[in-house]
Amino acid sequence: MEKSFEPSQIESTWYSRWEASGDFKPSGRGEPYCILLPPPNVTGTLHMGHAFQQTVMDMLIRYQRMRGMNTLWQVGTDHAGIATQKIVENQLANDDKTRHDLGREAFIERVWKWKEESGSTITNQMRRIGAAADWSRERFTMDEGLSAAVRKVFVEWYRAGLIYRGNRLVNWDPLLGTAVSDLEVNNVERDGHMWSLRYPTADGSTSLVVATTRPETMLGDVAVAVHPEDERYAHLIGKTLTLPLTGREIPVIGDDYVDREFGTGCVKITPAHDFNDYAIGQRHNLAPISIFTLDAKVNENAPAKYQGLDRFEARKRVLADLEAEGLLVETKPHKLQVPVSQRSDAVIEPMLTDQWFLDLTTDELPEGRAKPAGTIGGRKAITEPALDAVRSGEIKFVPENWSTTYTQWLDNIQDWCISRQLWWGHRIPAWYDEAGNIFVGEDEADARAHGTVAPVGALRQDDDVLDTWFSSALWPFSTLGWPAEGPVKNEHGEIVADWQHDQIFLPSAVLVTGFDIIFFWVARMVMATKYFTGLVPFREVYINAIVRDAEGQKMSKSKGNTLDPLDLIDGIELEPLVEKSTKSLLIPQVREKVEKRIRKDYPNGIPAIGTDALRFTFAALASYSRTINFDIKRAEGYKAFCNKLWNAARFVLMNMPEGELPAPADAPATEAERWILTRLKQTLLDVEQHFASYRFDLLAQELYEFTWNEFCDWFLELSKPALNGDDALAAASTRHTLVVVLETVLRALHPIVPFISEEIWQSVAPKLGLAEGGLMQRPWPRADEIAADEAATAEIEWFKNVLSGIRRIRAEMNIAPGKTIPLLLADGDATDRSRAAKFAAQISFLARVDAPQWIASGADEPAAAAAVVGSLRVLIPLAGLIDLGAEKTRLAKEIARIESEIKKCEGKLGNANFVANAPAEVVTQERQRIADWGVQLHALREQAQKLG
């Protein structure tokens with residue numbers, strides 16, 4: 001092994017070797033264990049959320065593979081309809097062109113070309129963080145196999161009457177020119193106004209005042225609503241008003257939806273541009289009037305003077321005209337929630353358009369579907385089975401509280417608008433004849449063959465594509481080859497799936513994902529997979545936390561607090577970091593603020609910490625919390641852990657003879673060996689429990705403490721007397737145990753820190769004659785194969801406490817490490833005397849003390865510094881070594897610390913709820929701690945008294 005740990009040299013070597021050797025492919029042996037990668041956008045680059053989530057998945061895959069499972073990490077990318085089309089359209093705009101200049105076919109070719117050139121960025125970055133994914137099975141939502149699945153699902157749901165076309169109100173992004181999901185709309189608080197407008201009655205006798213934040217939409221009003229029991233207005237219900245600026249007459253209607261305490265108690269009704277108004281309009285059979293074009297300009301349904309105006313320009317003109325006519329009653333500031341498109345930042349316009357929908361709400365189909373009225377509807381066929389899968393426990397959420405989020409959404413779900421007005425995506429497999437009849441099929445011939453009427457003239461395919469989430473919903477089974485009857489090949493002719501064989505991976509074991517796509521993706525995968533395969537897509541859903549910065553702030557480019565995982569892995573100097581963080585910020589004030597923050601937080605840039613240290617940081621943060629705060633200082637601490645492990649391995653190997661070590665015939669010869677094996681056994685038991693419960697933070701803590709404290713610090717130290725002593729049997733046994741424990745630790749650490757563990761293991765394996773080529777081919781270490789020795793553990797824990805006490809005194813009293821000092825022992829019991837005799841040589845060797853001497857009971861004691869181990873006092877005489885006043889101060893601090901510990905325990909035991917609800921063993925443990933602390937406190941007070 002090299003003298004120092006250099007992550008970059010190791011990482012570049014090992015990943016390519018693992019991938020080339022087929023370590024990431026299913027082994028074909030053992031029980032199936034599958035994880036589905038949430039397919040990142042093909043437009044994307046690796047961010048901290050990806051790196052965190054993928055580290056969790058990789059730990060699980062490596063762990064389960066070593067446990068003998070037949071593992072598959074199914075990976076791929078999503079075509080990201082809106083985002084990808086926008087990128088290519090922006091490229092065209094640089095040449096003063098639009099997609100319409102190219103035409104649909106040429107534009108799609110251009111997108112595919114972009115995908116081939118730039119679409120693998122994120123998958124290459126995934127390799128950098130060590131993702132043990134089967135890249136030979138990589139899928140893309142637009143590849144032919146997955147496209148075939150999309151067509152089949154659409155056609156089958158349509159023919160079952162569950163997909164239908166209708167003119168409905170949707171969220172419309174006027175910049176992108178497409179409908180978007182409710183889930184792709186952010187409600188952003190902005191400063192606006194509330195305007196009060198007067199609407200006179202048609203007979204001129206009176207008027208009503210309505211309040212609105214969108215006065216331009218009044219041009220499409222079809223009624224004014226009041227509460228039917230509102231005494232102020234009940235007599236006007238049924239009368240008509242003259243809609244200002246238009247001359248149209250509209251009715252006054254009564255509806256319980258109106259809150260008579262809010263504003264004036266009168267509400268303008270614009271069904272074509274407001275979701276609540278749309279529902280009221282349907283209840284009262286009011287025909288909606290759309291007043292905007294698809295690019296949010298006023299259309300021909302409004303008076304001529306407003307036609308062609310942008311909606312916000314129209315607002316100014318409408319307000320000016322109302323004021324001129326004396327109908328603008330009041331203008332006041334108002335905070336409002338504005339719906340904004342996640343994709344384009346455009347203000348969403350509710351718009352009536354023809355769209356395709358998946359029925360998720362009806363128990364029985366209405367008239368006009370492909371199946372007769374009364375046939376089972378979408379709620380019964382799709383939504384309720386998805387609800388039952390979680391309510392029955394067939395699918396479990398971790399943490400469990402997220403199941404409530406899932407069920408509440410499905411209980412209140414609306415039909416899913418599945419069409420998008422884009423060119424990039426899965427084109428809807430529906431055709432129209434000249435009479436407007438719809439024909440649906442997997443291709444035009446299939447559509448014609450299944451039409452209910454003969455087509456009139458030529459057929460024209462629907463221009464729309466399907467919502468990107470439609471294809472993602474099929475991911476659990478389409479990636480495994482469904483619905484093909486034989487092997488599915490990629491564009492290179494390589495087999496990527498075979499449903500007949502690969503369906504063993506369904507249900508997958510666990511889905512690792514964020515809470516923000518429980519609705520987008522998790523629920524929809526359950527719906528589609530249950531409907532088409534009869535199975536759930538996964539048995540468990542682990543909802544990982546969202547990564548925030550060290551102060552708990554959301555990571556945002558505008559704040560300058562985003563971190564690129566690769567910059568942490570490779571390091572980056574200050575100036576390139578500043579440039580990278582500010583290059584896309586256009587507003588000068590924001591640029592200055594971000595640059596100031598970067599220079600303050602990273603004055604020397606970001607040091608390279610390597611992949612393993614970054615992964616360990618993610619593991620250590622992965623609790624059940626909703627968010628985690630990522631602190632780069634903590635990551636630097638885990639780089640120190642890697643260095644510690646590296647140096648410990650070098651120490652072990654330097655103490656080994658050439659060639660393979662012979663296995664000892666007998667049990668470990670020393671108590672130190674039996675102690676470390678006992679601790680290793682318990683650590684492995686705890687780690688397996690934490691893997692099962694997805695408590696990666698506890699898992700990381702367990703392995704960190706065992707590796708750093710017990711193995712690297714204590715066992716290496718405790719091994720030195722045997723390695724340097726005259727007992728050949730003890731030396732040989734200790735060497736073997738050192739290598740065995742190190743090799744076992746490397747296996748246990750491998751899921752978290754795969755690179756360093758593999759590099760060290762390659763040097764360790766020959767010492768044990770191991771035949772496997774790498775760690776992923778080694779079995780997971782089994783706790784039940786390790787013998788525990790509680791007696792030896794008790795002996796070594798005593799020995800450790802004595803050594804720790806001596807070392808603490810040396811450190812606090814500033815005694816030179818190399819100086820040999822006297823050691824006295826007082827009080828204690830027969831066990832202490834027996835142990836002191838047994839460990840005398842090791843104590844002298846490791847603590848740099850003379851052979852311990854016992855002080856006879858009742859004899860005068862010299863002034864001494866003391867450490868207490870149970871009832872035993874470990875004394876370092878002060879004469880010539882220690883300042884008496886300093887020792888009194890040290891004892892006072894130690895007494896105060898122990899008094900504080902006792903108070904904590906007493907506080908717990910004094911809490912009736914704690915005693916009643918905590919497990920019995922925990923209560924017993926607290927009582928034992930009080931007793932133990934009490935013994936130490938008594939001994940320390942006595943020692944303080946003796947010093948005056």
Side-chain angles (χ1 to χ4, degrees), residues 81 103-105 108 141-168 170 178-179 352-383 415-471 473-474 477-478 482-485 499 524 527-528 531-533:
R104 186 168 192 140
E105 282 190 24
I108 296 299
T141 47
M142 287 286 285
D143 73 29
E144 182 45 47
L146 270 60
S147 298
V150 168
R151 290 191 296 270
K152 184 172 180 64
V153 164
F154 184 94
V155 170
E156 288 201 14
W157 265 340
Y158 176 82
R159 290 175 184 166
L162 299 171
I163 283 179
Y164 64 93
R165 186 164 171 79
N167 187 260
R168 299 265 296 273
V170 297
T178 181
L352 276 172
T353 56
D354 290 320
Q355 302 286 349
W356 290 90
F357 295 88
L358 177 63
D359 178 357
L360 300 171
T361 56
T362 65
D363 292 333
E364 295 182 349
L365 295 181
E367 293 284 354
R369 303 279 181 88
K371 284 280 187 182
T375 304
I376 183 172
R379 173 162 283 279
K380 293 284 186 188
I382 301 174
T383 307
D415 287 357
W416 176 11
C417 176
I418 58 175
S419 48
R420 297 291 181 265
Q421 289 62 56
L422 304 169
W423 284 357
W424 173 244
H426 293 103
R427 194 168 178 180
I428 290 176
W431 285 260
Y432 305 90
D433 69 4
E434 292 171 6
N437 296 309
I438 298 175
F439 301 83
V440 169
E442 296 197 35
D443 54 30
E444 185 177 337
D446 183 43
R448 285 177 180 274
H450 285 83
T452 55
V453 297
V456 178
L459 296 185
R460 173 185 58 83
Q461 187 173 357
D462 197 305
D463 285 327
D464 290 352
V465 300
L466 287 160
D467 179 8
T468 300
W469 294 101
F470 190 91
S471 54
L474 318 184
F477 54 100
S478 64
W482 186 94
E485 294 180 359
W499 176 245
R524 290 167 176 176
M527 292 175 185
Y531 187 94
F532 287 99
T533 72

Give a yes or no answer on whether the side chain of Thr375 reaches the backbone of Leu365 with a donor-acceptor pair at less than 3.5 Å.
no

Examine distances only and state if a side-chain atom of Asp462 and a backbone atom of Trp431 form a donor-acceptor pair shorter than 3.5 Å.
no

Determine yes or no for a side-chain-to-main-chain donor-acceptor pair under 3.5 angstrom, with Arg104 supplying the side chain and Asp463 the backbone.
yes

Drop me the distance from Glu156's CD to Phe532's CZ, to the nearest 0.5 angstrom.
5.0 Å

CG of Asp354 to CD of Gln421: how many Å apart, nearest 0.5 Å?
9.5 Å

In this structure, CG of Leu358 is separated from CZ of Arg524 (nearest 0.5 Å) by 9.0 Å

So does Ile428 get a backbone contact from the side chain of Gln461, meaning a donor-acceptor N/O pair under 3.5 Å?
yes

Using side-chain contact (heavy atoms from CB on, under 4.5 Å), reason through Trp469 and Ile418 one step at a time and then give a plain yes or no.
CA-CA 8 Å; Trp469 294 101; Ile418 58 175; over 6 Å; no

Nearest atoms (heavy-atom pairs only) where Ala149 meets Trp482
CB-O, 3.7 Å

My understanding is that only residues two or more places apart in sequence, or in another chain, count here; which of them pass salt bridge (Lys or Arg N to Asp or Glu O under 4.0 Å) with Arg460?
none

Side-chain (Arg168) to main-chain (Arg165) donor-acceptor, under 3.5 angstrom:
no

Run Glu444 and Arg151 through salt bridge (Lys or Arg N to Asp or Glu O under 4.0 Å) and show every step you take.
CA-CA 12 Å; Glu444 185 177 337; Arg151 290 191 296 270; over 6 Å; no

Which pair of non-hydrogen atoms, one from Leu474 and one from Ala528, has the smallest distance, and what is that distance?
CD2-CB, 3.8 Å

In short, Pro455 meets Arg448 closest at the heavy-atom pair CG-NH1, 3.4 Å

Partners of Trp423 by ring-ring contact (aromatic ring centres under 6.0 Å, His included), sequence neighbours excluded?
His100, Phe107

Working to the nearest 0.5 angstrom, can you tell me the gap between Asp467 CG and Ser419 OG?
8.5 Å

At their closest point, which heavy atom of Pro429 faces which heavy atom of Val155, and how far apart are they?
CG-CG2, 4.4 Å

Does the side chain of Met527 come within less than 4.5 Å of Leu360's, by heavy atoms?
yes

Nearest heavy-atom contact between Ala179 and Val170 is CB-CG2, 3.9 Å

Any salt bridge between Arg427 and Asp464, counting N to O under 4.0 Å?
no

Return the CG to OG1 distance between Leu162 and Thr362, rounded to the nearest 0.5 Å.
7.5 Å

Of Phe470, Trp416, Phe154, the residue whose pairing with Trp356 passes ring-ring contact (aromatic ring centres under 6.0 Å, His included)
Phe154

Are Glu442 and Arg159 within salt-bridge range, i.e. N to O under 4.0 Å?
no

So, do Tyr432 and Ile438 sit near enough that their side-chain heavy atoms are less than 4.5 Å apart?
yes

Are Phe357 and Ile163 close enough that some pair of their side-chain heavy atoms sits under 4.5 Å apart?
no

Do Asn167 and Gln355 make a side-chain contact, defined as non-hydrogen atoms from C-beta onward lying under 4.5 Å apart?
no

Asp446 and Gly441: which non-hydrogen atoms are nearest, and at how many Å?
OD2-CA, 3.3 Å

Do side-chain atoms of His426 reach the backbone of Leu146 as a donor and acceptor pair under 3.5 angstrom?
no

Nearest-0.5 Å distance that lies between atom CG in Leu459 and atom CZ in Phe439:
6.0 Å

